[in-house]
Participant: 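Encoded as structure tokens, here's the structure I'll be asking about.
Values below: all heavy atoms of this structure, side chains included; hydrogens, waters and symmetry mates excluded. Numbered from 1 within each chain, the chains take letters A, B, ... in sequence-line order. Just so it is clear, the structure is predicted and the values come from calculations on it, not from any experiment.
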Number of protein chains: 2
Amino acid sequence: MYHLKDLQLAIRIADLHSVSAAARELGMTPASASAALQRLEHKLNCQLFARSTRNMQLTEEGQAFIDTGRQALSLLQGASDALADKRGELRGELRIALPSDLGRNRVRAWLDELTAQAPELTLRLYFGDQLDDLIEQNVHLALRYGELQDSSLMRRQLARMHRVAVASPEYLDRHGRPSHPQQLSQHKILLLNRGNTPWHKWRFADKRQPLEVELTGSKSCNDGAVVKEWALAGEGIAYKSWFDVAQEVTEGRLELLLTDYLAEPIPLQLTYLQTEYPSHKVRTCIEFLKQKCLAFDSQYPLPKP
Amino acid sequence: MYHLKDLQLAIRIADLHSVSAAARELGMTPASASAALQRLEHKLNCQLFARSTRNMQLTEEGQAFIDTGRQALSLLQGASDALADKRGELRGELRIALPSDLGRNRVRAWLDELTAQAPELTLRLYFGDQLDDLIEQNVHLALRYGELQDSSLMRRQLARMHRVAVASPEYLDRHGRPSHPQQLSQHKILLLNRGNTPWHKWRFADKRQPLEVELTGSKSCNDGAVVKEWALAGEGIAYKSWFDVAQEVTEGRLELLLTDYLAEPIPLQLTYLQTEYPSHKVRTCIEFLKQKCLAFDSQYPLPKP
DNA sequence: AATCATTTTCAAAAATTTTTTGACATGTAC
DNA sequence: GTACATGTCAAAAAATTTTTGAAAATGATT
């Protein structure tokens with residue numbers, strides 16, 4: 001009879017296709033993880049993984065085992081959580097994936113507030129603007145813009161927020177202020193990469209008619225926070241959520257552009273796995289962030305033309 | 001994160017209301033089991049059991065935890081079994097509860113045949129004529145006479161077999177042969193105890209009409225094998241399944257009585273828990289016993305009048 | 001009421017298991 | 001081709017679990 005930790009490890013190895021990566025995540029050495037996996041395979045008398053030095057792939061048998069192992073572990077996790085829940089305790093680890101800019105500059109502080117109230121809660125934040133697989137990421141919650149289509153996920157909408165074009169006053173003084181989205185092509189454009197390719201279609205609306213402009217960037221990167229920093233440094237025009245730039249605009253460090261051509265607002269959603277009823281700590285975090293978003297809305301109303 | 005063995009132990013402690021009993025069953029010392037339980041409770045940060053020195057009772061929280069723990073463990077067991085199944089291997093432990101007489105004198109030999117063919121299979125037999133709780137007994141299969149009413153159990157009928165009254169020729173020579181069930185009350189009667197009270201109503205039939213006679217025993221015990229030994233020793237008349245006495249009757253050591261008044265045959269059933277799809281080893285055992293019962297039927301046909 | 005046979009638990013020692021350490025062979029990326 | 005990361009190995013070190021022997025507690029029995 002094997003150790004539950006070994007099962008958890010095997011599941012993560014299957015998710016990440018890597019012993020080392022799983023070991024790092026679970027805070028153990030690769031050697032120890034390798035030994036644990038072999039232990040498990042030996043006890044099951046079955047080779048779960050087909051190994052090449054560079055890649056771990058589940059065997060057919062391994063697939064079946066890991067699948068139901070995942071179910072069982074989820075049940076057990078739920079049972080443990082339920083115990084803590086009943087006592088109304090907020091303890092344990094909370095793993096959250098966040099968009100880089102929103103995460104660093106706004107949500108991080110909110111979550112710090114939450115953990116100040118609940119000191120037994122351990123926070124693990126994963127910043128990034130790539131829409132990675134929630135299972136692979138192994139987080140409880142992922143905060144993401146836009147509609148998610150993965151049906152295995154539950155979602156809770158926190159807000160709907162406009163995307164806006166912004167640039168620094170210095171840049172605009174030098175290069176002029178575009179008065180229509182079509183004029184953007186004559187500007188330096190700062191793009192966010194999603195996946196491998198820049199996200200180069202910006203959405204606006206002209207008298208309620210959708211208007212999409214396709215742009216080539218003078219700079220692009222995969223981190224939304226860096227895009228904003230470029231904009232602040234006068235490197236060009238960025239297309240950001242109002243969430244991300246409200247404060248800078250209020251302070252006058254960034255300037256709103258093309259507010260007559262705002263497209264429909266984009267939802268900001270919190271997604272989580274459907275496999276388990278969210279535990280007390282997760283539910284609390286969801287509600288907390290929902291409150292904070294509401295407060296944000298009234299503190300920073302988007303200046304309408 | 002706790003050890004799976006600790007969960008299994010906790011489940012058995014909950015079933016048996018005893019650390020020691022669970023420890024004995026799982027082949028560990030009470031001290032080690034106690035330590036393991038405390039380890040688990042500590043890791044869950046929750047008292048699973050309300051303890052008195054003499055009795056372990058699940059707390060409300062413990063109940064919830066053990067319930068889903070049981071599910072999870074069953075899933076995991078199933079996953080492990082499935083691995084062995086796929087390879088068509090017959091290995092692991094097989095725990096079977098058997099009626100005392102049938103078990104000792106017939107099925108044991110059959111099962112020895114099975115394990116001779118499958119040497120990796122470990123047999124654990126539990127003899128007894130008390131219809132104990134299958135969950136509490138923790139067996140894969142229980143062989144029982146009669147209709148079971150517990151709906152959480154699956155059943156497979158192995159045979160239908162008549163109950164017959166038997167006694168040794170010596171006894172009958174001395175006390176005479178009853179020619180009608182009603183005359184049994186003038187005889188020495190050997191009864192089987194089920195639960196605390198003797199099972200003193202014997203069923204016959206007179207021209208297809210059920211005929212039940214209520215008897216007082218001159219001897220009774222809770223073990224069917226002992227009842228047969230009494231009958232062989234000429235202590236009186238016993239009421240047994242034809243399975244149990246076919247060989248002795250064929251050899252002339254017991255004599256069939258009242259064969260004109262046989263009641264409906266009673267089913268012999270193999271019951272197992274519904275929680276898991278039976279594993280390969282369990283299915284194999286079921287089929288094997290079914291075959292053996294069929295072979296028995298043709299080897300020892302009940303002599304009809 | 002007192003004894004008895006069990007039961008749970010404890011603490012220290014012993015045994016077992018797991019992790020670390022340092023190394024090596026192998027495959028991938030540049 | 002070189003540099004780097006990966007999976008595994010063997011021995012040592014560390015951590016965990018089990019045993020051992022004994023003590024305290026409790027329900028049953030006398």
Participant: Between the protein and nucleotides 16-18 of chain D, list every N/O to N/O distance that falls short of 3.5 Å.
Facilitator:
residue: dT18(D); atom: OP1; partner: K5(B); partner atom: NZ; Å: 3.4
residue: dT18(D); atom: OP2; partner: R39(B); partner atom: NH2; Å: 3.3

Participant: Using whole Å, report how far CG of L26(A) lies from C1' of dT19(C).
Facilitator: 14 Å
Participant: Using whole Å, what does the distance between atom P of nucleotide dT7(C) and atom CZ of F49(B) come to?
Facilitator: 16 Å
Participant: Give a yes/no on whether any side-chain N or O of S18(A) is located under 4.0 angstrom from OP1 or OP2 of dG7(D).
Facilitator: yes
Participant: For residues L4(A) and L76(A), determine if any side-chain heavy atom of one lies less than 4.5 Å from a side-chain heavy atom of the other.
Facilitator: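 The answer is yes; the side chains approach within 4.5 Å.
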Participant: For L16(A) and dT6(D), give me the distance from atom CG to atom C1', rounded to whole Å.
Facilitator: 14 Å
Participant: Starting at NE2 of H42(B) and ending at P of dT9(C), how long is that distance when rounded to a whole Å?
Facilitator: 15 Å
Participant: What is the distance, rounded to the nearest whole Å, between atom CG of N55(B) and atom C1' of dT8(C)?
Facilitator: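 Whole-Å distance recorded here is 12 Å.
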Participant: Answer with base, sugar-phosphate or nothing: what part of the nucleic acid does S20(A) contact at a heavy-atom distance below 4.0 Å?
Facilitator: sugar-phosphate
Participant: Nearest-Å distance, CG (L37(A)) to C1' (dT6(D))?
Facilitator: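 Rounded to whole Å, this separation is 14 Å.
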Participant: Kindly indicate, with the supporting measurements, whether the criterion salt bridge (charged side-chain N to carboxylate O under 4.0 Å, His left out) is fulfilled by E235(B) and K219(B).
Facilitator: CA-CA 8 Å; E235(B) 296 284 349; K219(B) 284 188 168 64; 3.0 Å; yes
Participant: Taking T115(A) for the side chain and L121(A) for the main chain, is one N or O donor matched with an acceptor at less than 3.5 Å?
Facilitator: no
Participant: For R51(B) and dC10(C), give me the distance from atom CZ to atom C1', rounded to whole Å.
Facilitator: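 Computing the R51(B):CZ to dC10(C):C1' distance gives 13 Å.
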Participant: Is the shortest distance from a Lys or Arg side-chain nitrogen in R51(A) or E41(A) to a carboxylate oxygen in the other one below 4.0 Å?
Facilitator: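 Answer for the salt bridge query: yes.
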Participant: Does a nitrogen or oxygen in the side chain of Q38(A) sit under 4.0 Å from OP1 or OP2 of dC9(D)?
Facilitator: yes
Participant: Out of curiosity, Q77(B) CD to T68(A) OG1, how far, rounded to the nearest 0.5 Å?
Facilitator: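 With rounding to 0.5 Å, CD (Q77(B)) is 11.0 Å from OG1 (T68(A)).
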Participant: Between dT6(C) and R24(B), is there an OP1 or OP2 to side-chain N/O distance shorter than 4.0 Å?
Facilitator: no
Participant: Got a salt bridge between R70(B) and D15(B), using NZ or NE/NH1/NH2 to carboxylate O under 4.0 Å?
Facilitator: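 Yes, R70(B) and D15(B) are salt-bridged.
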Participant: Would you kindly give the CE-to-C1' distance between M56(B) and dG27(D), to the nearest whole Å?
Facilitator: 16 Å
Participant: Does R104(B) make a cation-pi contact with F127(B) (under 6.0 Å, within 45 degrees of the axis)?
Facilitator: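 Geometry flag: set, cation within 6.0 Å and 45°.
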